[in-house]
Amino acid sequence: MPRLPKLPKLWRGSIVAKLVLGYGLLGIASIAAVSAVFYSGTIGVLDQNIDGKIMAQSERLLDSVGDGQPGALEAEVKRQLGDGVDSDREILQLVGADGARGAGNLGVLPATGGDEDMLTETVQRNGRSAPARLYLRPLEGGGMLIVGRDLSEEEAVQDVIWRALLAGAGVSLLLTIGGAMLFRRSIEGRLGDIRRTAAQIEAGDLSPRVPVSGNDEFALLNRDINRMLDRIELLMDGIRHVSNAIAHDLRTPLSRIRGRLDDALRHDMTVPRLSGAAHDAIDDIDDLIRLFERLLQIAEAESGMRARLFERLDLGRVVADIGEMYEAIAEDEGIALTVDAPDALFVDGDRNLLASAVASLLDNAIKYAGPGAAIRVRAGLHQGQASIAVHDNGPGIPDGERDKVTQRFYRLDKSRHMPGNGLGLSIVGATATSHGGALVLEDGAPGLVARIVLPLAPS
């Protein structure tokens, strides 16, 4: 058995090929269905019209002469055949009770069963064969009247209709195939854009984006893919930045730990010297552990792992508790702390994460505002969302730096001498994002307004 040719590689296992094949089969089935309906409608009407005319003619003929007058019926048959009216298509034939042929224009009598009947046969008439529709009407005195119509013209009409349907089906099939090929080309072009972009990104270039044109399903998909790629590029840039920052920030404390331990070993290894070096090394290691804990806290918040722990909580109550806890700290620093936290400000979230975020904002405000400053913490509504705003009248943050201070390990030049690692605002931003909100830094004129906005809990 000969092997069938293989499909091109592009078509094997291709969803596009399946769609094109299905579209083509559907088009062919539709053409066949429409052609069948059209053909049965037109030819069926013609057949019914012919049968009606034949039966009506036989009734008029018999009514004009009466069933009991064979001589008059034969004369009327001869008269109608000789009047020249539609004589080229008209078929009339009398058959006697003995089966003998009477007046008429049939060369050969059709086979009859003796009952009134309607049939289609090929008859001999005027020396030629022709298809005919015949009505066999038994007479009361015996014998039969045959009334019919020559179907040569109807068959010619049928042939014309068949040819027209076949031609239309051929054109429609070609159009269907052409449409399917255009459809395939369009789909492959749109998918090709996505594949080319994916190949470039796989090669390490994260900047390409899928072209977006129109507003169809592919355009919506391409926009979603581009948003995903923007997020991936942002995360990858963050990972690179974090990796560099971690390497930079770890090198100093590790070098310090090593130097102290090395210094203790180079000199007299007395118990006080070794004990002091050990305590200093433990303190530095504790700082590193806290650094990694804060990085893990950011990763946990960004991953949404704690979303399953979200509960309905009163944000005003959370702010009031944290504010009360920091009043003594602010007083020791000579800072006036005011807390405005109304009740019944409900959000869905993690109490511990949100409390930690508010505490981080207060830590930053107390650290950078300085003695004699005033800090106000307020919970309420802001543009239809729940808001926690920490406003201080300290030096603030320059406009060009506000977008950068939420990056991990980023610190302003004027704050590098202060303790810290530049992760506080990163944690707050990650916490707000994991709750469907955002951290917004605004000019306090003077000072800074650090605002966490969160969606209100549905009522």
Heavy-atom pair of closest approach, residues [X] and [Y]:
X      : Y      : answer
Asp150 : Pro131 : OD1-O, 3.5 Å
Leu313 : Asp350 : CD2-C, 4.1 Å
Leu456 : Val347 : CA-CG1, 4.5 Å
Arg190 : Ser213 : NH2-O, 3.7 Å
Val319 : Ala379 : CG2-CB, 4.0 Å
Val339 : Gly323 : CG2-CA, 3.7 Å

Next item on the list: Give a yes or no on whether a salt bridge exists between Arg209 and Asp230, defined as a side-chain N under 4.0 angstrom from a carboxylate O.
Entry: yes
Note to self: Does this structure show an ion pair linking Asp193 with Arg196, if we count only N-O contacts that are shorter than 4.0 Å?
What the structure shows: yes
Residues in side chain to side chain contact (heavy atoms under 4.5 Å, CB included) with [X], at least two apart?
X      : result
Ala132 : Ile91, Val123, Leu134
Leu206 : Ile201, Glu233, Met236
Val212 : Ala219, Asn222, Arg223, Asn226
Ala32  : none

Evaluate the side-chain proximity of [Y] to [X]: yes if any heavy-atom separation is below 4.5 Å, no if none is.
X      : Y      : result
Ile366 : Tyr326 : yes
Val358 : Val428 : no
His391 : Glu442 : no
Asp443 : Val449 : no
Ile194 : Leu221 : yes
Arg163 : Leu166 : no
Met55  : Arg137 : no

Any chance you could measure [X], atom [atom1], to [Y], atom [atom2], to the nearest 0.5 Å?
X      : Y      : atom1 : atom2 : result
Leu92  : Ile146 : CG    : CD1   : 10.0 Å
Tyr135 : Leu145 : OH    : CG    : 9.0 Å
Ile54  : Gln57  : CD1   : CD    : 8.0 Å
Asn364 : Leu448 : CG    : CG    : 9.0 Å
Leu454 : His382 : CG    : NE2   : 12.0 Å
Arg351 : Ser356 : CZ    : OG    : 14.0 Å

Next item on the list: Please assess Lys367 against Asp363 for the test salt bridge (charged side-chain N to carboxylate O under 4.0 Å, His left out), listing each intermediate value before the final yes or no.
Entry: CA-CA 6 Å; Lys367 182 190 298 184; Asp363 275 334; over 6 Å; no
Item checked: Side-chain H-bond candidate by donor/acceptor type, Arg451 with Ser387, under 3.5 Å -> yes
Notebook entry, point to check: Can you check whether Leu353's main-chain N or O pairs, donor with acceptor, with His435's side chain at less than 3.5 Å?
Noted result: no
Item checked: Partner residues of Thr338 under the side chain to side chain donor-acceptor pair (under 3.5 Å) criterion, sequence neighbours left out -> none
Notebook entry, point to check: Can you name the side chain to side chain donor-acceptor pair (under 3.5 Å) partners of Arg133, sequence neighbours left out?
Noted result: Asp51, Thr120
Notebook entry, point to check: Yes or no on side chain to side chain contact (heavy atoms under 4.5 Å, CB included) for Thr197 and Ile225, after CA distance, side-chain angles and deciding distance?
Noted result: CA-CA 10 Å; Thr197 303; Ile225 292 175; over 6 Å; no
Margin query: Is there a side chain to side chain contact (heavy atoms under 4.5 Å, CB included) between Val377 and Asp340? Walk through the geometry before answering.
Written below: CA-CA 6 Å; Val377 183; Asp340 180 10; over 6 Å; no
